[in-house]
Peer 1: 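This is the structure I want to talk about, given as structure tokens.
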Amino acid sequence: MRRRGTGMVPAVVVAVVALAAVASTANASPAEGIQPLSKIAIHKATVNLHGSAYVRATPALLGDQDEDTVWVTVKFGSDKPSTDDWIAVFSPADFVSGSCPNPQRYPDEPLLCTAPIKYQYANYSANYVDWGKGSIRFQLINQRADFSFALFTGGLENPTLVAVSKRAAFKNPKAPVFPRLAQGKTHDEMTVTWTSGYDIGEAYPFVEWGMVSSGVGSGNPARSPAGTLTFNRGSMCGEPARTVGWREPGFIHTAFMRELWPNKEYFYKIGHELLDGTVVWGKSYTFKAPPTPGQNSLQRIIVFGDMGKAERDGSNEFANYQPGSLNTTDRLVEDLDNYDMVFHIGDMPYANGYLSQWDQFTAQVAPISAKKPYMIASGNHERDWPDTGGFFDVKDSGGECGVPAETMYYYPAENRANFWYKVDYGLFRFCIADSEHDWREGTPQYRFIEECLSTVDRKHQPWLVFAAHRVLGYSSNSWYADQGSFEEPEGRESLQRLWQRYRVDLAYFGHVHNYERTCPLYQSQCVGGGGGGGERRSHSHYSGTVNGTIFVVAGGGGSHLSDYTTAIPKWSVFRDKDYGFTKLTAFNHSSLLFEYKKSSDGKVYDSFTIHRDYRDVLRCVHDSCFPTTLAT
């Protein structure tokens, strides 16, 4: 591509592939918002570099103390400042070179092929319009490539590139970053997954780990090798993931730490041994090994969905896309010592085909995931794309079709493409379903759900929890009410007999961006408790026989909030249109505490307790017992 002098941008006017809005809104689920990067109409962009505009970024060397997150000051100016001017961050820095992969959307025009990773309006800096110059601070994370900063005029709809900065780069762009713990397939196994720029041919990935004793590692630490995965543009199913949203994901490594002692504290450090024998280390962390199934000890679990990601520098926020995300993250970081595991039940970064946002998300939750098992479920914004084998034929994933989620996070599924699995954690069993694949009777997932629910030993693991992303149970969300179902189509019809037969205590869902809990329910009727209709007096404590399942929508993790129906169904005990998360605390085999906390202040706004004995689980209620005989 032709250039003028030493500039980074072509001399000719350049048009860029559209950062098209993700999927057709008409076919999207009602919960879908608009990815902020998709609002930029860069297919209309032109280039008009001139000496009266400039962009300068400092420092140019990032992470010189091995930091993985830094702040960069960007100073800029123009002789014709406008309220529509904006600053974009591109990575890799040379965002105008090369050629777009086929098929091109605009074959007759010279193209740029990449979206920025974030942006901010120039008038975010005070007095820019009056003085023609400004300064903005951007937070950058180590994303395996260098960065440049560009000044555009003409707003997001008709942008013209007028200035580009020199490159900035981390000291080691390939460094291992942002570890994600997850419990393995057995209770004595912890996995750690991380991202780096090192392919297996360049360096050997591993984790060094050992038991903590008196605050230091005891004995010689062990080293466990890591497997390495990645994916390419051809793995994506549609645009923008295959086009302007594509960004190299780097290499994703997963190592296994096995034969852990229950409840013991362990240290670990990820690393890469280079071919010359030197080691590039990540940061050191600690975690607590899971309890054995049935172990009678204090166990605390966080559950929420639909958190999304946000930017601490204020960028990408003009769509009001996920305004509660940082609050939820911050509350969980502050309370890190008071829970043991996290379940994020779908809709994680809402990248919607803009792959750079997955790195941003792993960085945001790293203070949690590096120290606590961070278990995930598949949501519509991770998986859904037409004609790819999913249950919903919509475009909510922006062409990702599950690939980034299934690669960048570990979860103990038998087949990573089928996002269903079980977790035994002390007194709990969690059965995690995949609402983006068919769950109805006769399907492989239905068989998994029944096996998961039926094989738990309730005298040792009394607390049985089901979770999925979409609402397969009950929600008084407005669009479900408009459909007259209060659920996803065919959501609970096949599953409610399983929940009842195997006496599921709680069924969790996200997708709807608010909080709601029901009375114990079966076949739309409250059983074993008082009335609903918003009255909570008789629903703060449950004891005795398991008459039905309590359904919880915990989709207020951070994304734009959802409305309820005006009329409150009789089974709806508590509703809150706000950002928050839930916490389960098992004190022992007989006592469980449920809490709903707001992300704004971390205080409890709804709670209930369950107290019962094993015989209460065994007692028969409607549709819960197999036939008996009169024989003696």
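Treat the numbers as computed from the prediction; the structure is a model and nothing was measured.
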Peer 1: Measure from the ring center of Phe608 to the ring center of Tyr542 and say whether it is less than 6.0 Å.
Peer 2: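 Between Tyr542 and Phe608, which both carry aromatic rings, the centre distance is below 6.0 Å.
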Peer 1: Residues two or more places apart in sequence or in another chain: which of them pass salt bridge (charged side-chain N to carboxylate O under 4.0 Å, His left out) with Glu488?
Peer 2: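 Partners of Glu488 by the salt bridge (charged side-chain N to carboxylate O under 4.0 Å, His left out) criterion, ordered by chain and then number, come out as Arg470.
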Peer 1: Does Lys264 NZ have over 12 foreign heavy atoms under 6.0 Å away?
Peer 2: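 Result for NZ/Lys264: open.
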Peer 1: Kindly list each side-chain donor-acceptor pair under 3.5 angstrom involving residues 402-410, sequence neighbours excluded, with atom names and distances?
Peer 2:
from	atom 1	to	atom 2	distance (Å)
Thr407	OG1	Val403	O	2.8

Peer 1: Phe304 and His344: aromatic ring centres closer than 6.0 Å?
Peer 2: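 Yes, the ring centres sit under 6.0 Å apart.
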Peer 1: If the threshold is 4.0 Å, N to carboxylate O, is there a salt bridge linking Arg331 and Glu334?
Peer 2: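 The answer is yes: the pair qualifies as a salt bridge.
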Peer 1: Under a 3.5 Å cutoff, is there a donor and acceptor pairing between the side chains of Thr545 and Asn547?
Peer 2: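 Their side chains do not contain a donor-acceptor pair, so the 3.5 Å distance test is not met.
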Peer 1: Between Asp616 and Arg503, is there a side-chain N and carboxylate O pair less than 4.0 Å apart?
Peer 2: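 No, no charged N to carboxylate O under 4.0 Å.
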Peer 1: Please determine if Asp335 and Arg300 form a salt bridge, counting it only when a charged side-chain N lies under 4.0 Å from a carboxylate O.
Peer 2: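 Here Asp335 does not pair with Arg300 in a salt bridge, since their nearest N and O are not under 4.0 Å apart.
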Peer 1: Could you tell me which residues satisfy salt bridge (charged side-chain N to carboxylate O under 4.0 Å, His left out) with Arg501, sequence neighbours excluded, listed by chain and number?
Peer 2: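 Once residues adjacent in sequence are excluded, Arg501 has no partner under the salt bridge (charged side-chain N to carboxylate O under 4.0 Å, His left out) criterion.
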Peer 1: Going by an N to O cut-off under 4.0 Å, is there a salt bridge joining Arg383 and Asp434?
Peer 2: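 Here Arg383 does not pair with Asp434 in a salt bridge, since their nearest N and O are not under 4.0 Å apart.
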Peer 1: Crowded around Arg458 CZ? As in, over 12 foreign heavy atoms under 6.0 Å?
Peer 2: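 It does: Arg458 CZ has more than 12 such atoms within range.
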Peer 1: Answer yes or no: does atom NZ of Lys185 have more than 12 heavy-atom neighbours from other residues, nucleotides or ligands under 6.0 Å?
Peer 2: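 Buried by this count: over 12 neighbours within 6.0 Å.
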Peer 1: If only side-chain N and O atoms count, and only distance matters, is there a donor-acceptor pair under 3.5 Å linking His541 with Thr609?
Peer 2: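 Side-chain D/A pair, Thr609 to His541: present.
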